[in-house]
Amino acid sequence: MRLLIFGPPGAGKGTVAKEVTAAEGLPHISTGDMLRAAVAAGSELGAKVKGVMEAGGLVSDELIIDVVEDRLQQGDTAGGWLLDGFPRTLPQAEALDALLQKLAQRVDLVIVIEVADATIVDRLAGRRVCLACGATYHATFSPTKAEGVCDACGEAKVVQREDDKPDTVLSRLATYHEKTKPLIEYYERQGLTQSFDNSGAPAATVAAVRAALAAR
Ligand code: AMP
């Protein structure tokens with residue numbers, strides 16, 4: 001099964017993606033996680049993208065397309081995948097189409113996660129993330145047991161993402177509405193999208209997504 005997932009930053013897209021892929025046995029390919037790992041590792045790629053990411057902008061199509069093309073040709077992707085955070089622009093969607101055509105594959109479902117913007121700003125103000133393993137927490141609703149220390153991996157690397165600060169969140173939402181929403185329409189025209197409201201508990205959304213996959 002080959003899945004895409006869309007949703008504004010902070011809609012809970014990452015959580016839904018993680019749980020759906022764990023349950024379905026698919027690799028969860030998050031371009032944001034890959035880029036953050038590159039920044040944390042201080043790699044050449046990380047140095048190129050750090051400034052743009054911190055400012056809430058999008059890294060260049062050329063660069064991210066290279067990253068995804070490499071990733072989708074690794075062995076663990078043969079049985080399917082869920083792409084999270086890609087494509088984000090029309091040129092990225094066209095590059096993905098071209099790659100899938102070359103690999104004789106196609107996208108089966110485009111999952112669209114929906115949550116109102118005001119709810120998102122509130123949620124992201126409290127979001128904390130572990131820079132070591134990617135686990136996420138919420139300062140109020142699901143805090144770490146010890147301040148700043150990850151419950152999952154034990155590293156003292158749980159922080160607020162630079163791009164989760166309110167000003168940056170507003171700019172990321174504007175970017176989403178401007179550049180990414182037209183992509184949903186691109187996939188709607190192909191009859192591939194299905195929307196899921198995630199204003200409530202992610203577990204209910206995960207169950208709804210799995211039911212939709214089972215019904216296909
Ligand atoms: P995310 O975790 O998906 O919100 O991604 C975090 C940041 O990584 C974004 O704000 C962008 O700066 C960058 N990024 C991730 N995926 C892409 C993409 N497909 N195209 C351009 N930039 C991306």
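The residues of the chain are indexed from 1 along the displayed sequence. Remember, predicted model here, so these are calculated numbers, not experimental data. All ligand and atom numbering here is 1-based and tracks the order in the structure.
Checked for salt-bridge contact, Asp164 and Arg172 meet the test: a charged N lies under 4.0 Å from a carboxylate O. In summary, Asp97 and Lys102 do not engage in a salt bridge, as defined by a charged side-chain N under 4.0 Å from a carboxylate O. Taking a cutoff of 4.0 Å between a charged side-chain nitrogen and a carboxylate oxygen, Lys165 and Asp163 do not qualify as a salt bridge.
The number of heavy atoms from other shown groups lying within 6.0 Å of NZ (Lys181) does not exceed 12. Environment of CG in Asp70: crowded, with over 12 heavy atoms of neighbouring residues, nucleotides or ligands closer than 6.0 Å.
Each of Arg216, Lys18, Arg210 was evaluated against Glu24; a single residue qualifies, Arg210, per the salt bridge (Lys or Arg N to Asp or Glu O under 4.0 Å) test.
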Put together the list of close N/O pairs, under 3.5 Å, between ligand 1 and the protein, could you?
residue  : atom   : partner : partner atom : Å
ligand 1 : 2 (O)  : Arg36   : NH1          : 3.0
ligand 1 : 2 (O)  : Arg36   : NH2          : 3.0
ligand 1 : 3 (O)  : Arg88   : NH1          : 3.4
ligand 1 : 3 (O)  : Arg88   : NH2          : 3.0
ligand 1 : 4 (O)  : Arg88   : NH2          : 3.1
ligand 1 : 4 (O)  : Arg172  : NH2          : 3.2
ligand 1 : 5 (O)  : Arg88   : NH2          : 3.2
ligand 1 : 12 (O) : Gly57   : O            : 2.5
ligand 1 : 16 (N) : Thr31   : OG1          : 2.8
ligand 1 : 16 (N) : Gly85   : O            : 3.4
ligand 1 : 16 (N) : Arg88   : NH1          : 3.0
ligand 1 : 19 (N) : Gly85   : O            : 2.9
ligand 1 : 19 (N) : Gln92   : OE1          : 3.0
ligand 1 : 20 (N) : Gln92   : NE2          : 3.0
ligand 1 : 22 (N) : Val59   : N            : 3.1

